[in-house]
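Below: the structure, in structure tokens.
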Protein chains: 2
Amino acid sequence: MSKPEVTTTRLDDAARAGWLYYVAGNTQDEIAAKLGISRQSAQRMVSLAVSEGLVKVRLDHPIARCLDLAEQLKQRFGLKMAEVVPTDPGSTSTTLGVADAAAAEMTRWLKSETPIVLGIGTGRTLKAAIELLSPIECPQHKVVSLTGNIAPDGSAAFYNVIFNIADKIKARSFPMPLPVIASSPEERELLHSQAMIRPVLELSAQATVAFVGIGDLSEDAPLFIDGFISREELLALRQAGGVCEIVGRAFDRNGVPLKGLTNDRVASAQIPSRDTAMVIAIAKGPKKLPGIAAALKGSLINGLITDEATAETLLAG
Amino acid sequence: MSKPEVTTTRLDDAARAGWLYYVAGNTQDEIAAKLGISRQSAQRMVSLAVSEGLVKVRLDHPIARCLDLAEQLKQRFGLKMAEVVPTDPGSTSTTLGVADAAAAEMTRWLKSETPIVLGIGTGRTLKAAIELLSPIECPQHKVVSLTGNIAPDGSAAFYNVIFNIADKIKARSFPMPLPVIASSPEERELLHSQAMIRPVLELSAQATVAFVGIGDLSEDAPLFIDGFISREELLALRQAGGVCEIVGRAFDRNGVPLKGLTNDRVASAQIPSRDTAMVIAIAKGPKKLPGIAAALKGSLINGLITDEATAETLLAG
DNA sequence: CCGTTGTGTGAGTATTTGCCCATACCACAA
DNA sequence: TTGTGGTATGGGCAAATACTCACACAACGG
């Protein structure tokens, strides 16, 4: 037999072995018997068929596309974790799907036996996620708020969810009894140096994992809607190039924190270090796209939970 | 209420596990870790994905021998289309392999943008093929049954698959609410002239492509097993030289329809014209050999999906 | 003629997978 | 409340599979 012919018959045999294995459902032993070769050779034929790309596996489920996108996101943006949920084309909700996924991801972390420190940001998405969280007893863990929980009018900030989650999971909670944005840089320093606050800030820096929302800075930016900043402050942030806000701090399109403006007075903790903690953002939708892109570009996060449409646009851009 | 919802999320998870297993190449242990479940549950998820038909394996290598046989079949019997799949020597299944190939061939037709009329026969092989069909949305097409769908006892004929396929591909379906074999020639005429039936018969004559099974007339002929004809009628058909049956109509070894007997009462549509339609038979195995040979000889079909062993015998004879 | 190199094979072994079964869980009815 | 039937879970084990290694053999070059 001449050389090239040998190669084609080898692939032929490989295809036959692969067929018997994957389509006919034989074991490699049976294939070996039927083809009159040793089982090791049969195994080699099958794996040759796989490595030569003869065998194509396809998943007939919308989820497959999501997992694929998640993988691409991880690759492209160097994320440690990514999850993409299907987009419901008919819904305009900004929490549908991602909240469920976030709750599931939280549960996975909380199931850990070894104590973790769970950092929690703020926002509508996060609130929705925590509402979906099934109660589990996790007295070994600690949850720490990354933002202040006092609204400008003195009431508890509605979308600060530290108490909700602490209650759900029966863990010790560390809220930050502070305004989200102080009235001056000096006041912030004063507040941060309080004995009550310092341990919380230190704990937040030790977070094992943190879940944060990403706020946009459009006309109806949550920071503005909820009264934490004035319209003028919002406009100033936008003019300074701000595209998004994470735990109250504004960033430009490259994920670099803006200098000055309200950022000088944001009383939130820093986003935990991406070297020591998983920082998972939960965000989807066209309005948040620039913000998510910025967070990815600036490596502000190393985990992302989003939806199909958003993931596609992120990868296309 | 909760039942379908639970089922879909379960399938979602199964798809996820299947993806991680087959596409990402994780072991079941890794999947278990990533999904926060036990390995056993992961294993169940994966096998659920397989059993639900979410996972499709395709071999992208035309095995030379099979291609060669297919070509010879086309030449020798003047077929427009032939496909030969490998034979699993140890298996006695009459559908293994050919059903997959038939599903793939159907998919090729269904992908067409221009509307087609798809005629569908009946039988075990066809049923297996349609179960393997991946759901695709084809509202532009029409599927028409070539046989009645009422069993002698009044129930829906089990191997009438028009509803299964219509459901899978979301196309308009045209079943034939008739018995497969009428009690008399007169009854058949009466039934066929009904306003409900005539359009279906007309549509079936316009089929672009039709997939049919070939039934044998041995002791366990499907027509007899399923109770459409009596043992006496079966024997009579055999004595009159009948070797096979397509859409209920019996043919002799030259593919000529038998005169009289049950053929006078078969309420099925005619096999669509081989001049205007592709008529593809799906059949393999020694028991069906005479039938396939007859169908080829009588040019009842112009397409064939069979297996290696059957193709070889056909060509040798 | 001999050694080298690449390829294919079989044997043995570690890992992975499939399956059974005891148990836990949940919903529902008595 | 308790019992009951159906369902999901995880442990354990045997089968199946993947991997590593050593050897055989042919081609090639010195």
Side-chain angles (χ1 to χ4, degrees), chain A residues 1-57 59 100 103-104 107-108 110-114 132-138 170, chain B residues 1-57 59 61 88-91 96:
Chain A
M1 293 250 172
S2 69
K3 191 83 173 197
E5 204 176 338
V6 168
T7 313
T8 50
T9 56
R10 258 178 59 74
L11 271 189
D12 233 51
D13 288 343
R16 190 171 295 267
W19 190 89
L20 287 167
Y21 188 72
Y22 288 105
V23 182
N26 286 283
T27 71
Q28 300 186 350
D29 260 327
E30 290 169 322
I31 296 170
K34 284 173 188 174
L35 267 50
I37 53 179
S38 75
R39 69 196 70 146
Q40 292 77 1
S41 301
Q43 195 274 324
R44 247 162 282 182
M45 292 284 103
V46 173
S47 70
L48 179 68
V50 174
S51 64
E52 288 291 323
L54 266 46
V55 178
K56 293 270 192 334
V57 188
L59 253 117
D100 305 71
T107 306
R108 275 193 280 277
L110 292 169
K111 271 186 183 158
S112 153
E113 286 297 323
T114 57
L132 291 168
L133 199 60
S134 8
I136 41 172
E137 309 257 324
C138 312
K170 306 277 183 284
Chain B
M1 278 291 250
S2 70
K3 188 80 175 206
E5 201 176 338
V6 168
T7 312
T8 48
T9 56
R10 262 177 62 73
L11 269 191
D12 269 16
D13 288 342
R16 193 173 298 265
W19 189 89
L20 288 166
Y21 188 72
Y22 288 105
V23 183
N26 285 284
T27 70
Q28 298 186 349
D29 260 321
E30 290 169 322
I31 296 169
K34 284 180 189 172
L35 267 50
I37 54 179
S38 74
R39 185 190 68 76
Q40 292 73 8
S41 302
Q43 197 271 328
R44 264 184 287 263
M45 292 284 102
V46 173
S47 71
L48 180 67
V50 175
S51 66
E52 287 293 322
L54 267 45
V55 180
K56 291 278 188 331
V57 196
L59 259 136
H61 183 82
D88 178 0
S91 162
L96 182 71

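Chain identifiers are assigned alphabetically (A, B, ...) following the order of the sequence lines, protein sequences preceding nucleic acid strands; residue numbering begins at 1 within each chain.
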Please check if atom CZ in A:Arg39 has more than 12 non-hydrogen atoms from other residues, nucleotides or ligands closer than 6.0 Å.
no

Rounded to whole Å, the CD1-P distance (B:Ile37 to D:dA8) equals 13 Å

- Side-chain N or O of A:Ser41 less than 4.0 angstrom from OP1 or OP2 on C:dG10? yes

So do A:Val57 and A:Tyr22 actually touch side chain to side chain, heavy atoms under 4.5 Å? no

Sorted by chain and number, sequence neighbours left out, side chain to side chain contact (heavy atoms under 4.5 Å, CB included) with A:Ala15 holds for A:Leu54, B:Leu59, B:His61, B:Ile63

Contact string for nucleotides 16-24 of chain C, one letter per nucleotide 5' to 3', B = base within protein heavy-atom range under 4.0 Å, S = sugar-phosphate only, - = neither, reads SBBB-----

**Study point:** Heavy-atom check, side chain of A:Glu30 versus side chain of A:Leu20, under 4.5 Å
**Key:** no

From CD1 of A:Ile31 across to P of D:dA18 the rounded distance in Å is 10 Å

note: A:Leu48, atom CG; C:dT9, atom P; distance rounded to Å ~ 11 Å

For A:Lys170, the side chain to side chain donor-acceptor pair (under 3.5 Å) test, sequence neighbours excluded, returns none

A:Met45 and A:Ile31, any side-chain heavy atoms less than 4.5 Å apart:
no

